S.K.: 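Please see the structure below; I have some questions.
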Amino acid sequence: MTRLLALESSCDETSAAVVSGTADAPRLESLVILSQDVHRIFGGVVPEIASREHLTAVVPVTRQALADAGAGFDAIDAIAVTHAPGLVGALLVGVSYAKALAHALGKPVLGVHHMEGHLFATALEHPDAVPPFTALLVSGGHTLLLDVEAWGRYRLLGETRDDAAGEAFDKTAKLMGLPYPGGRHIEALARAGDPKRFRFARPMLNAGQRPGDDDYYDVSFSGLKTAVLHAVRASDDLERDRPHLARAFQDALIDTLVAKTMRAARAHGRTRIVLGGGVACNRTLAEAMTAAAGAVDGRVFAPSPRLATDNAAMIGAAGLFRFEAGQRDTAALNAHSALPIPGLVAAPAAAR
Ligand code: KG4
Ligand code: ZN
């Protein structure tokens, strides 16, 4: 059995976890997540502030995770740390601390890709959320549609051409006068919304799209955001219209995500769909996906909110897989703002 200490500091959560077991049966021993509330004042993450907050929090957060697991540094076999993608200054705090710890303890360090972490999050809670599956990763920074043939073998099918799904929620919330981050506010408001009051076109979704077309799996949300902006400007009573606008926006975004995910599952013969990223907290999305998958005997796995948003447990779970695969990084391990997910395999033209 392997036991890893995992660290995550790619954006505005300082998180540490202790994860043990194997990649196929990971066990979460502890998880501490410190969310940096300060960014709310600015309506978005301020990179330098994020780095400074990580610097203050990383040591106590790590100590708390070890204490919660009842483990000392000597009980840890290696340290897994998010090294990409994300805010470089934020990543550097986790990477530097992980390297220093590894050096002091004489234990290995390994860099984990943040998006690979999101793929593993659900497996910590659902033993059946294992490959092969179709993955939809939707967060504030990313929107990825992947076919996961096996752990470490990923086909990138679709991405966003502009805003990430969470970013679309946050920007739309802002122009409707809602607080940051706005995703959960839109979802809550939409519950009281009348789906017939407004209707927005389903972004990048039409029946004429065929496998092999660039837009078959890709998504784009900036047009939808602009459509909401025009509707907000045209409204003579925003207070009255807000829930209906939230509903129409969310319906359009969810319809597109569900349709494209189902295309990917169908094309690759997958019966399991795994959701990840902060937008996977959206119950309406999970329910719509479950209904669509259920119609073809498929199952949908969504992580609980704690594991959907950024956390070190998922880095530990992915770290177990990478550790078992023999990955050990050197003192030269660095942080990268952008880096392709490891283990990408080319998508055959026919399947795209
Ligand atoms: O994964 P995450 O914690 O951080 C990033 O890596 O970006 O995701 C944060 C994003 C934000 O855009 C937030 O608005 C969105 O997740 N989010 C939601 C919901 N809860 C969080 N979006 C829609 N509905 C929700 N219930
Ligand atoms: Zn994330």
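Numbering of ligands and ligand atoms starts at 1, following listing order. Keep in mind that the numbers below use all heavy atoms, side chains included, and drop hydrogens, waters and symmetry copies. Because the structure is a prediction, the values reported are computed rather than measured.
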S.K.: What protein heavy atom is closest to atom 26 (N) of ligand 1, reported as residue, atom name and distance in Å?
M.R.: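 The closest one turns out to be E187 OE1, 2.9 Å.
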
S.K.: Is L145 linked to M204 within one hydrophobic cluster, defined over Ile, Leu, Val, Met, Phe, Trp and Tyr using a side-chain heavy-atom separation of less than 4.5 Å?
M.R.: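 Result: no, two separate clusters.
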
S.K.: Between V19 and F73, is there a shared hydrophobic cluster once you connect ILVMFWY residues whose side-chain heavy atoms come closer than 4.5 Å?
M.R.: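 As far as the 4.5 Å side-chain criterion goes, F73 and V19 are not connected within one cluster.
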
S.K.: With a cut-off of 2.8 Å, does any N, O or S atom of H118 fall short of it relative to the Zn ion (ligand 2)?
M.R.: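 Checking the Zn ion (ligand 2) against H118, an N, O or S atom does fall under 2.8 Å.
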
S.K.: Check this for me - ligand 1, G166, N or O atoms closer than 3.5 angstrom, yes or no?
M.R.: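 Min N/O separation from ligand 1 is below 3.5 Å for G166.
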
S.K.: Considering non-hydrogen atoms of the protein only, which is the closest contact for atom 12 (O) of ligand 1, and what is the distance?
M.R.: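 In this structure, atom 12 (O) of ligand 1 has D170 OD2, 2.7 Å as its nearest protein heavy atom.
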
S.K.: Looking only at protein heavy atoms, which one is nearest to atom 6 (O) of ligand 1, and what is the separation?
M.R.: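 Residue, atom and distance for the closest contact: D310 OD2, 3.0 Å.
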
S.K.: Does D213 come within less than 4.0 Å of R210, counting only side-chain N to carboxylate O?
M.R.: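 Salt bridge: no.
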
S.K.: Do any nitrogen or oxygen atoms of G183 lie less than 3.5 angstrom from nitrogen or oxygen atoms of ligand 1?
M.R.: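 By distance alone, the answer is yes.
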
S.K.: Side-chain donor-acceptor pair under 3.5 Å between D310 and H118, yes or no?
M.R.: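 A donor-acceptor contact under 3.5 Å links the two side chains.
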
S.K.: Please confirm whether F198 and F249 have ring centers closer than 6.0 angstrom.
M.R.: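 Ring-ring flag for F198/F249: false, centres at least 6.0 Å apart.
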
S.K.: Among all protein heavy atoms, pick the one closest to atom 10 (C) of ligand 1 and tell me residue, atom and distance.
M.R.: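 It is G140 N, 3.6 Å.
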
S.K.: Looking at ligand 1, does C11 have a heavy atom less than 4.0 Å from it?
M.R.: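 In this structure, C11 fails to qualify as a contact of ligand 1 - no heavy atom is under 4.0 Å.
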
S.K.: Just wondering, is there an N, O or S atom on C11 that's nearer than 2.8 Å to the Zn ion (ligand 2)?
M.R.: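 No - counting backbone and side chain alike, C11 has no N, O or S atom under 2.8 Å.
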
S.K.: Quick one: is the NZ or CZ of R328 closer than 6.0 Å to the six-membered ring centre of F323, and within 45° of its axis?
M.R.: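 Checked: cation-pi criterion met.
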
S.K.: Identify the protein heavy atom lying closest to atom 1 (O) of ligand 1, giving its residue, its atom name and the separation to 0.1 Å.
M.R.: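 Checked against all protein heavy atoms, atom 1 (O) of ligand 1 sits closest to G278 N, 3.0 Å.
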
S.K.: Decide whether a cation-pi geometry holds between R272 and F301; the criteria are a distance under 6.0 Å from NZ or CZ to the six-membered ring centre and an angle within 45° of the ring axis.
M.R.: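 Verdict for F301: no cation-pi partner in R272.
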
